[in-house]
Asks: 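This structure is in structure tokens; I'll ask about it shortly.
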Amino acid sequence: MLRYRLEGSGPPLLLIHGWGVTFAIWQNLAPLLKSHFQLIMIELPGLGGSPHVAVDEPYYQICAEAIEEVRQFLGIEHWAMLAYSSGTRAAEAYVKRYPQSVTHAIFLCPTYILEIWALFVRLLDGPHPQTLMQWFFSDWRLHSLVRALGFNWQQHQYTRVWKKEIELQPIDILVRSLYEMPGQGRTPFYVPSIPTLFIWGGRDALIARPRHLGPHDVVIPANHSAPMLAAPYVAEVVLPFLTEDRIVNVSKPLTRRPRRPLRLEAGQGKLRPFEHRRWLNRQGKKTAPRHFTLRRQASLQTSGRQRQRRGTRASWRRPIRNNQNRGPH
């Protein structure tokens, strides 16, 4: 049976992680949800502490059967589902097979990938030496892949955490979970008639977000690492949907531009004309012309001092010449 962890109390909510990681992906989101739900965090077949799977069976069908086994073992009649990244394909397979057991289905950063990444997934569907795959999904190559797709090339402490966690997983499961996605990740989702919510990352570099959002689509300000770096936004959308059957948009905070201080030192930059006039008014001085700035004043003073020093150096270096000392012609 799959490895799982229980946290919180309330209606059951199943959490399904994404590609190559474990239920540690929920460490930032779980504290925001466990006061409302009993969280069942599982690890998909062959990953983390879950048992390995047979090679001759479709991977995502195995995931669906293994998830159902957990439900029956825990004695849960109905539960809601929150799946992330490639885990959304496992959730899709489960909902298709056992729709009567699911009350709500939430797909976070669902794997409907861009065409360029689908081409990369197609290249994996072939007889490749295992040593080649191990070489590709290791060291700086894996680090670059995680940093590019998960964090939009931004350096973050979670980049190395994800890399180390992915390196611990069996290479055959990593490859199978990619090329066995429906249509190599380009097949649209099909979900039976149950309440469904798709949460897309507005800055997701991996996912092809729909151009025209439907009534069940919500966009949050996040990249593909939304469970880790945008957990408050995810919780803000998930909680009303699960508790009230209400779909809300994220209230993105207004970011005001910080007020620029009035800088008086010439070496710290310049003041705009209206700032300089305001500073003069505060000092009780006469307002300067509109084109006059502190930087201009500093440059004039600097150039004047440079001319003065240049003239002083030239005066003692240049010999004194007058009509009395010029000598005969």
Side-chain angles (χ1 to χ4, degrees), residues 5-8 10-44 79-92 95 102-113 146 149-152 154 156-159 161-162 165 189 191 194-210 213-253 255:
R5 176 187 295 173
L6 301 178
E7 287 188 12
L13 174 62
L14 175 68
L15 301 182
I16 306 176
H17 61 80
W19 180 79
V21 295
T22 62
F23 50 54
I25 192 72
W26 307 112
Q27 59 182 331
N28 293 340
L29 183 59
L32 305 177
L33 301 178
K34 65 181 182 180
S35 59
H36 303 271
F37 306 98
Q38 182 188 34
L39 305 180
I40 302 101
M41 297 176 282
I42 64 170
E43 292 180 342
L44 292 176
W79 58 6
M81 304 180 66
L82 170 58
Y84 163 66
S85 189
S86 63
T88 57
R89 292 299 180 176
E92 179 190 25
V95 171
V102 182
T103 60
H104 298 76
I106 303 176
F107 300 94
L108 174 60
C109 300
T111 49
Y112 182 73
I113 59 179
V146 172
L149 302 183
F151 299 88
N152 293 12
Q154 299 297 321
H156 198 276
Q157 61 178 350
Y158 292 137
T159 308
V161 174
W162 283 17
E165 194 169 19
F189 282 81
V191 181
I194 60 174
T196 307
L197 176 64
F198 291 87
I199 305 178
W200 309 89
R203 299 186 296 269
D204 199 330
L206 176 65
I207 304 304
R209 189 174 75 249
L213 300 179
H216 301 282
D217 296 314
V218 173
V219 179
I220 62 174
N223 52 31
H224 200 66
S225 60
M228 302 292 287
L229 303 186
Y233 291 120
V234 177
E236 186 178 348
V237 176
V238 167
L239 290 175
F241 178 72
L242 294 179
T243 58
E244 307 173 15
D245 287 325
R246 185 166 53 93
I247 297 178
V248 298
N249 293 317
V250 183
S251 58
K252 186 177 180 180
T255 56

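For the numbers below, each heavy atom of this structure counts, side chains included, while hydrogens, waters and symmetry mates do not.
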Asks: Over all heavy atoms of both residues, which pair between Arg209 and Gly202 is shortest? Give the atoms and the distance, please.
Replies: NH1-O, 3.4 Å
Asks: Kindly indicate whether the side chain of Thr22, heavy atoms from C-beta on, has any atom under 4.5 Å from the side chain of Glu165.
Replies: yes
Asks: Could you walk me through whether Ile106 and Phe241 satisfy the side chain to side chain contact (heavy atoms under 4.5 Å, CB included) test, starting with their C-alpha distance in whole Å, then the side-chain angles of each, then the deciding distance to 0.1 Å, before giving a yes or no?
Replies: CA-CA 9 Å; Ile106 303 176; Phe241 178 72; 3.7 Å; yes
Asks: Working to the nearest 0.5 Å, report the span between CD1 of Ile113 and CG of Asp204.
Replies: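 The CG atom of Asp204 is 11.0 Å from CD1 of Ile113, to the nearest 0.5 Å.
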Asks: In a check of ring pair (Phe, Tyr, Trp, His ring centres under 6.0 Å) between Phe107 and each of Tyr112, Tyr84, Phe198, Trp200, which one passes?
Replies: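 Answer after filtering Tyr112, Tyr84, Phe198, Trp200: Phe198.
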Asks: Looking only at heavy atoms, what is the nearest atom pair of Ser85 and Gly18, with distance?
Replies: CB-CA, 3.9 Å
Asks: Between His216 and Thr196 (side chain of the first, backbone of the second, donor and acceptor by atom type, cut-off under 3.5 Å), is there such a pair?
Replies: yes
Asks: How close do Arg203 and Pro221 get, counting heavy atoms only, and between which atoms?
Replies: NH2-O, 3.3 Å
Asks: Quick check for you: to the nearest 0.5 Å, what is the distance between Asp245 atom CG and His104 atom NE2?
Replies: 3.5 Å
Asks: I need the Leu13 CG to Met41 CE distance, nearest 0.5 Å.
Replies: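 CE of Met41 is found 10.0 Å from CG of Leu13.
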Asks: Taking all non-hydrogen atoms of both residues, which atom of Leu108 and which atom of Pro227 are closest, and how far apart?
Replies: CD2-CG, 3.7 Å
Asks: Determine whether a donor-acceptor pair (N or O, by modelled atom type, separation under 3.5 Å) exists between the side chain of His17 and the backbone of Leu44.
Replies: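 Checking the backbone N and O of Leu44 against the side chain of His17, a donor-acceptor pair under 3.5 Å is found.
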Asks: With the side chain counted from C-beta on, respond yes when Phe151 and Val146 share a heavy-atom pair under 4.5 Å apart, and no when they do not.
Replies: yes
Asks: Could you go step by step and tell me if Leu149 and His224 meet the side chain to side chain contact (heavy atoms under 4.5 Å, CB included) rule?
Replies: CA-CA 7 Å; Leu149 302 183; His224 200 66; 5.9 Å; no
Asks: Judged by atom type as modelled, is there a donor-acceptor pair below 3.5 Å linking the side chain of Glu92 to the main-chain atoms of Phe189?
Replies: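 The answer is no, because no donor-acceptor pair under 3.5 Å joins these two groups.
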Asks: Can a donor-acceptor pair be found, under 3.5 Å and without considering hydrogens, that links the side chain of Arg89 to the backbone of Thr111?
Replies: yes
Asks: Going through the checks in order, is the side chain to side chain contact (heavy atoms under 4.5 Å, CB included) test met by Gln27 and Tyr158?
Replies: CA-CA 12 Å; Gln27 59 182 331; Tyr158 292 137; 4.0 Å; yes
Asks: Determine whether Leu6 and Ile40 make a side-chain contact, defined as any pair of heavy atoms from C-beta on separated by less than 4.5 Å.
Replies: yes
Asks: Would you call Trp162 and Met228 a side-chain contact if the rule is heavy atoms closer than 4.5 Å?
Replies: yes
Asks: Just how far is it from atom CG of Asn223 to atom CG of Leu206, taken to the nearest 0.5 Å?
Replies: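 Output value for this atom pair is 10.5 Å.
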Asks: Please lay out, stage by stage, how Leu82 and Ile16 fare under the test side chain to side chain contact (heavy atoms under 4.5 Å, CB included).
Replies: CA-CA 6 Å; Leu82 170 58; Ile16 306 176; over 6 Å; no
Asks: Specify the closest pair of heavy atoms between Thr88 and Pro110, including all atoms of both residues, with the distance to one decimal.
Replies: OG1-CA, 3.7 Å
Asks: Are the side chain of Ser86 and the backbone N or O of Trp19 linked by a donor-acceptor pair below 3.5 Å?
Replies: yes
Asks: Find out whether Val102 and Leu14 are in side-chain contact, i.e. whether some heavy atom of one side chain is under 4.5 Å from a heavy atom of the other.
Replies: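 They are not in contact (no side-chain heavy atoms under 4.5 Å apart), so the answer is no.
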Asks: Search all heavy atoms of Leu242 against all heavy atoms of Ala80 and return the closest pair with its distance.
Replies: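 Scanning both residues completely, I find the closest heavy atoms to be CD2-CB, 4.0 Å.
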Asks: Rounded to the nearest 0.5 Å, how far apart are CG of Leu15 and NZ of Lys34?
Replies: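 Going from CG on Leu15 over to NZ on Lys34, the span is 12.5 Å.
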Asks: Could I get the full list of side chain to side chain contact (heavy atoms under 4.5 Å, CB included) partners for Gln154, not counting sequence neighbours?
Replies: none
Asks: Has the side chain of Ser225 got a donor or acceptor atom that lies under 3.5 Å from a matching backbone atom of Gly150?
Replies: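 Looks like yes, one N/O pair under 3.5 Å.
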Asks: With rounding to the nearest 0.5 Å, note down the distance linking NE2 in His36 to CG in Leu239.
Replies: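 Between His36 NE2 and Leu239 CG, I get 5.0 Å after rounding to 0.5 Å.
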